[in-house]
J.: 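Structure provided below as structure tokens; questions to follow.
Sequence lines set the chain letters: A, B, ... in the order given, protein chains first and strands last, and positions in each chain run from 1.
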There are 2 protein chains.
Amino acid sequence: MLFMARTTGSHAGITGPRVRQAALRLFAQKGYAAVSMRAIAAEVGVQAGALYNYTPDKESLLFDLMRVHLEELLAQADFGAEADPLTRLRQFVEFHIRFHADRPDEVFIAYMELRNLSPENFAQIEALRRRYEDRLETILRDGAKQGVFAIEDTKIMTLAIIAMLTGVNTWFRSGGRLSLDQVVAQYWDMVRRAVGAE
Amino acid sequence: MLFMARTTGSHAGITGPRVRQAALRLFAQKGYAAVSMRAIAAEVGVQAGALYNYTPDKESLLFDLMRVHLEELLAQADFGAEADPLTRLRQFVEFHIRFHADRPDEVFIAYMELRNLSPENFAQIEALRRRYEDRLETILRDGAKQGVFAIEDTKIMTLAIIAMLTGVNTWFRSGGRLSLDQVVAQYWDMVRRAVGAE
DNA sequence: ATGATTAATGAACACCCGTTCAAAAGCAAT
DNA sequence: ATTGCTTTTGAACGGGTGTTCATTAATCAT
């Protein structure tokens, strides 16, 4: 029993993920404040009370969605410090666009629903986001130091690039006029020029 | 009585703007769905019922704030077609940053609360925004045609530039490390490079 | 089959929502 | 002081909110 997995009496293993998935979809579609716990429960097919087997409260549902999203972002955003800055910047641009295009709902929530977090949770999410921004800024600083980039202020450049890249999510639709490959190529052109490379 | 309590009768000319101002502030701070009509009324200093002398319903309050904001944006965003594209692009960048920095609440609402509009109102706001984007795209197309800019896809470049410039609002604070003049100068550098000018 | 454990129900709690409207209160002109 | 008009009140409407919890149902180990 001590080493036995918790298989006893539950489709909790099924309901739990379904709750998070329903919350993600509804939060992204209607906004956190406009989605009731009863609406989430209805989407899952249970009563509202059952949700509290999987989350202590509504805000934790939102917070966990954001936290997991940003932790995945950080886990995958690894651009080895051995490569040259231009290569690492290209990797960053491609990674950012593809990662975000794959998760439109998570991205939307993580940017739009920050107001609904408690100050403590807000600080945690902001810290994760800051760590991601630092990955890019490190690349830019390395490139500037080596004379590969011509950048006046790496902090501004960092925020400008991320804003530009994240903006793709507001209009890109798979199956539209442009393939994601084309989008990546064009944004890489713009970023490369903006940092003054070549 | 040393302090006159708020009285009734003939304050419409004052109350109306105060309602819109309170709604703007609260919507930007807490989000549309999280702000009650009673909260807006409390900010103004009246009862909730009085608000309905100034708006038919809550959504119209939001819609009018967005509409007026975008109409002002369009009214001021006039870059004469006689100047050369590079000058007009510089004017656009400077105008966009300054106009948006002056109205953080309006900008925030107009980007974040679109979900809370009815389909008809949403379409109207989107049309206004599209007209603004077209002002920039016209500049980019003119410049590309004259060979002043090297742009593969003007539509993408338009959206990328606007996303980059609007991103300033997420971090710029008056009295911070950088003056608005410096911000304008740096973003102009980035945009000029991105479009391949010079 | 029994007992233990877990998950889900459904009702209840206290409170908040947007909106309406008759009544009251203020103002300006007579 | 009275009349006509505008503005606000305050209560009410029907319904929705997040959350709790005793009860019931479902599952698994023995």
J.: Any salt bridge (Lys or Arg N to Asp or Glu O under 4.0 Å) involving residues 20-43 of chain A? Give me the pairs, sequence neighbours left out, ordered by first then second residue.
T.: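 Listed by first then second residue: A:Arg25-A:Glu43.
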J.: By side-chain contact (heavy atoms from CB on, under 4.5 Å), which residues pair with A:Phe99, not counting sequence neighbours?
T.: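 Applying side-chain contact (heavy atoms from CB on, under 4.5 Å) to A:Phe99 gives A:His69, A:Glu72, A:Leu73, A:Gln76, A:Phe95, A:Arg103.
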J.: Report yes if at least one side-chain N or O of B:Thr15 is closer than 4.0 Å to OP1 or OP2 of D:dT7; otherwise report no.
T.: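 So the side-chain polar atoms of B:Thr15 never come under 4.0 Å of the phosphate oxygens OP1 or OP2 of D:dT7.
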J.: Once side chain to side chain donor-acceptor pair (under 3.5 Å) is applied, what residue pairs with a partner in residues 162-177 of chain A remain, sequence neighbours excluded?
T.: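 Those involving residues 162-177 of chain A are A:His96-A:Thr166, A:Arg177-B:Asp153.
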J.: To the nearest Å, give me how far apart CG (B:Asn116) and C1' (C:dC17) are.
T.: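 In whole Å, C:dC17 C1' and B:Asn116 CG are 15 Å from each other.
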J.: Would you mind telling me which of D:dT8, C:dA8, C:dA12 lies closest to the side-chain atoms of A:Arg38?
T.: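 In terms of side-chain proximity for A:Arg38, the closest of D:dT8, C:dA8, C:dA12 is C:dA12.
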J.: If a protein heavy atom is under 4.0 Å from the base, mark B; if only from the sugar-phosphate, S; if neither, -; do that for nucleotides 20-25 of chain D going 5' to 3'.
T.: B-----
J.: For A:Arg90, what residues pass the salt bridge (charged side-chain N to carboxylate O under 4.0 Å, His left out) criterion, not counting sequence neighbours?
T.: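 By the salt bridge (charged side-chain N to carboxylate O under 4.0 Å, His left out) rule, A:Arg90 matches no residue at all.
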J.: Can you find a side chain N or O atom of A:Ser36 that sits less than 4.0 Å from OP1 or OP2 on D:dT17?
T.: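 Yes, because at least one side-chain N or O of A:Ser36 sits under 4.0 Å from OP1 or OP2 of D:dT17.
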J.: Given atom CD1 of B:Ile40 and atom P of C:dC16, what is their separation to the nearest angstrom?
T.: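 Spelled out: CD1 on B:Ile40 to P on C:dC16 is 16 Å.
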J.: Over how many whole Å does the gap from B:Arg18 atom CZ to D:dT7 atom P extend?
T.: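 Whole-Å distance recorded here is 15 Å.
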J.: Rounded to whole Å, please give me the gap between CD in B:Glu59 and C1' in C:dT19.
T.: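 So the two atoms are 15 Å apart, to the nearest Å.
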J.: For B:Gln47 and C:dA25, what is the distance between atoms CD and C1' respectively, to the nearest whole Å?
T.: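 One finds 14 Å between C1' of C:dA25 and CD of B:Gln47, rounded.
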J.: Expressed in angstrom and rounded to an integer, what is the separation of B:Leu51 atom CG from D:dT9 atom P?
T.: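 Distance, rounded to whole Å: 10 Å.
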J.: Does A:Asp189 have any side-chain contact (heavy atoms from CB on, under 4.5 Å) partners at least two apart in sequence or in another chain, and if so, which?
T.: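 Once residues adjacent in sequence are excluded, the partners of A:Asp189 under the side-chain contact (heavy atoms from CB on, under 4.5 Å) criterion are A:Arg192, B:Glu152.
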J.: Look at the side chain of A:Met37 and decide which nucleotide, out of D:dG18, C:dT19, D:dT8, has an atom nearest to it.
T.: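 Within the option list, the nearest is D:dG18.
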J.: Using whole Å, what does the distance between atom C1' of nucleotide D:dT17 and atom OH of A:Tyr32 come to?
T.: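 One finds 12 Å between C1' of D:dT17 and OH of A:Tyr32, rounded.
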J.: Under 4.0 Å between a Lys/Arg side-chain N and an Asp/Glu carboxylate O for A:Arg131 and A:Asp134?
T.: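 Salt bridge flag = no for A:Asp134 with A:Arg131.
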J.: Strictly below 4.0 Å, N to O, side chains only: are A:Asp142 and A:Arg88 in salt-bridge contact?
T.: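 A salt bridge is present here (some side-chain N lies under 4.0 Å from a carboxylate O).
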